[in-house]
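Every chain is numbered from 1, with letters handed out A, B, ... down the list of sequences.
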Protein chains: 2
Amino acid sequence: MKGKRTDLGNSACGIARSLQVIGDWWSLLIVRDAFQGRQRFTEFQRNLGLAKNILSSRLKKLVDAGIFTVEPDPNSALSHLYVLTRKGEELCVILVALWQWGEDHCFETGELDHRMVDRATGKPLARLTLTAQDGRKIGPRDFRLKARHG
Amino acid sequence: MKGKRTDLGNSACGIARSLQVIGDWWSLLIVRDAFQGRQRFTEFQRNLGLAKNILSSRLKKLVDAGIFTVEPDPNSALSHLYVLTRKGEELCVILVALWQWGEDHCFETGELDHRMVDRATGKPLARLTLTAQDGRKIGPRDFRLKARHG
DNA sequence: CATATTTAGTTTAACTTTGCAACCTATATC
DNA sequence: GATATAGGTTGCAAAGTTAAACTAAATATG
C-alpha cells in the first residue's frame with residue numbers, strides 16, 4: 001500500500017488523533033470561517049477560494065466527525081446551514097493558540113492589521129499560557145506525557 | 001496552474017499564516033516528538049514511521065521557518081541534532097490545545113492511557129481556557145477579529 | 001588495514017490525494 | 001419557459017506520499 005496518507009486515528013496520542021480530524025489543509029480554516037458567522041456552502045467557498053469538490057469532501061468529513069451539523073436554512077429551501085456543534089465550538093482554543101503564535105512569529109512588524117478581541121470589551125484576549133492544576137504558570141519544557149497505569 | 005496547494009503565507013489571518021508553517025500533515029508530530037526529547041533524524045523517522053524523504057523535506061522546511069536549528073552532535077560527528085528554537089518551543093500551547101481537544105473528543109472512555117502532566121508534580125495540566133485581559137473566562141462565541149485602524 | 005555498520009540523507013517509481021474546470025440537478029425567480 | 005442559485009459530481013492534471021534502492025561519510029569490528 002503506497003502513496004497513502006498514514007492513518008493517525010488509532011494512535012495513542014491525543015495530538016495525532018486531533019490532527020486526523022482537523023489536520024487537513026483546509027479544515028481549520030473552514031472552522032475559523034464558521035466562527036466568523038459563515039454557515040453556507042457558497043459563503044465558505046467564496047471566502048476561502050477553494051475548489052467546490054474539496055470543500056464538499058471537507059464538510060462531509062467534518063460533519064461525520066461531529067464538528068458541524070447540517071440544519072435546514074429558514075430563508076431558502078435549497079440551501080442548508082453548517083452549524084458548529086459543541087465539539088466544533090471547543091476548537092476555539094486551538095484557533096486562538098494558532099492565531100497568537102502566528103501573530104508573534106509570522107508577521108513583519110506593523111503588517112498585522114487585525115486583533116483577536118473579547119467581544120464584550122473589544123480588547124485583545126489574554127495570552128493562552130500553560131498552567132498547572134494549582135494555577136502556577138509553567139514553561140514549554142515543564143510538561144510531559146505520563147502513562148496512566150504503571 | 002492546477003493541483004497546487006494554495007499559499008496561505010500572505011493571508012491577513014494569523015491562523016492561516018501559522019498553518020502555512022506547521023499545517024503540514026507531519027510537522028506538528030515532529031515538533032511533538034522534539035518536545036519528548038527526540039533530536040536525531042533517525043529517532044524521528046523510527047518513531048513516526050514516515051518516509052525518509054518526507055521527513056527530510058519537513059525538517060528542512062521547519063529549519064527554514066526558524067522552528068529548529070541544526071546543531072552538531074557532541075557524541076557523533078556524522079549525526080547532528082535538531083533543536084527547538086524559542087519560536088518552536090512556543091508551539092507548546094498549540095500542542096496542548098490539540099491534546100486536550102483530542103482527549104475530550106477523540107477517544108472512547110478508558111481508551112486513552114496517557115496524560116499531559118506537569119513535570120514538577122506529575123499532575124495533569126489545567127485546561128487551557130480563553131480569557132479576557134481582565135481575567136474573565138470567556139466562551140467560544142465571545143471573541144472576534146477586529147481591524148486595528150478603522 | 002579491510003570490511004561491515006550506522007547516520008543522514010537523495011533518487012526513483014508506483015501510487016494517492018488535492019485542485020481546477022466543467023458539468024449536473026433541483027428549486028426558485030422573472 | 002429561460003435564467004439564476006445552491007450544492008454538489010466527474011474527469012483529468014499536478015502535487016504529495018510511500019517503500020525501496022542507492023550514496024557518501026564516519027565509526028566500529030575483525
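Applying the side-chain hydrogen bond (donor to acceptor under 3.5 Å, both in side chains) test to residues at least two apart or on different chains, the pairs with a partner in residues 62-73 of chain B are Arg40(B)-Asp73(B), Thr69(B)-Glu71(B), Asp73(B)-Ser79(B).
Only Ala51(B), Asn53(B), Ile54(B), Arg58(B), listed by number, bring a heavy atom of residues 48-58 of chain B to less than 4.0 angstrom from any atom of DNA chain D. For the segment residues 15-44 of chain B, the set of residues with a heavy atom within less than 4.0 Å of an atom of DNA chain D comprises Trp25(B), Trp26(B), in numerical order. Against DNA chain C, the stretch residues 76-85 of chain B makes heavy-atom approaches under 4.0 Å through Leu78(B), Ser79(B), His80(B), Tyr82(B).
Between Phe107(A) and His105(A), the ring centre distance reaches or exceeds 6.0 Å.
The two atoms that bring Pro140(A) and Glu89(B) nearest to each other are CB-O, 3.4 Å, heavy atoms only. Closest heavy-atom contact between Val21(A) and Ser27(A): O-OG, 4.3 Å.
Distance, Gln45(B) CD to dT18(D) C1': 11 Å, rounded to whole Å. Rounded to whole angstrom, the span from the NZ atom of Lys60(A) across to the P atom of dT17(C) amounts to 15 Å. Here the C1' atom of nucleotide dT17(D) and the CG atom of Leu8(A) are 13 Å apart, to the nearest Å. Taking atom CG on Asp7(B) and atom P on dC20(C), their separation rounds to 12 Å, with Å as the unit.
Rounded to 10 degrees, the angle between the two end axes of the helix from dC1(C)-dG30(D) to dC30(C)-dG1(D) is 10°, with five pairs used at each end.
Evaluation of the salt bridge (charged side-chain N to carboxylate O under 4.0 Å, His left out) rule for Glu111(A) yields Arg17(B) as partners, not counting sequence neighbours.
One finds a salt bridge joining Asp104(B) and Arg127(B) here, because a Lys/Arg side-chain nitrogen approaches an Asp/Glu carboxylate oxygen to under 4.0 Å. A salt bridge is defined here as a Lys NZ or Arg NE, NH1 or NH2 lying under 4.0 Å from an Asp or Glu carboxylate O, and Arg46(A) with Asp33(A) fails to meet this definition.
A heavy-atom distance below 4.5 Å is not found between the side chains of Ile54(B) and Trp25(B). The shortest distance between side-chain heavy atoms of His114(A) and Trp99(A) falls below 4.5 Å. Side-chain contact between Leu125(B) and Ile138(A) is present, with at least one heavy-atom pair separated by less than 4.5 Å.
Between the OG1 atom of Thr131(B) and the CG atom of Asp118(A) there is a distance of 10.0 Å, given to the nearest 0.5 Å. We find the CZ-CG distance between Phe143(A) and Leu95(B) to be 6.0 Å, quoted to the nearest 0.5 Å.
Nearest-nucleotide mapping onto DNA chain D: of Arg5(A) and Leu59(A), the residue sitting toward the 5' end is Leu59(A).
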Subject >> Criterion side-chain contact (heavy atoms from CB on, under 4.5 Å) on Leu84(A) and Arg141(B), from CA distance to verdict >> reply: CA-CA 11 Å; Leu84(A) 285 170; Arg141(B) 291 301 188 172; 3.6 Å; yes

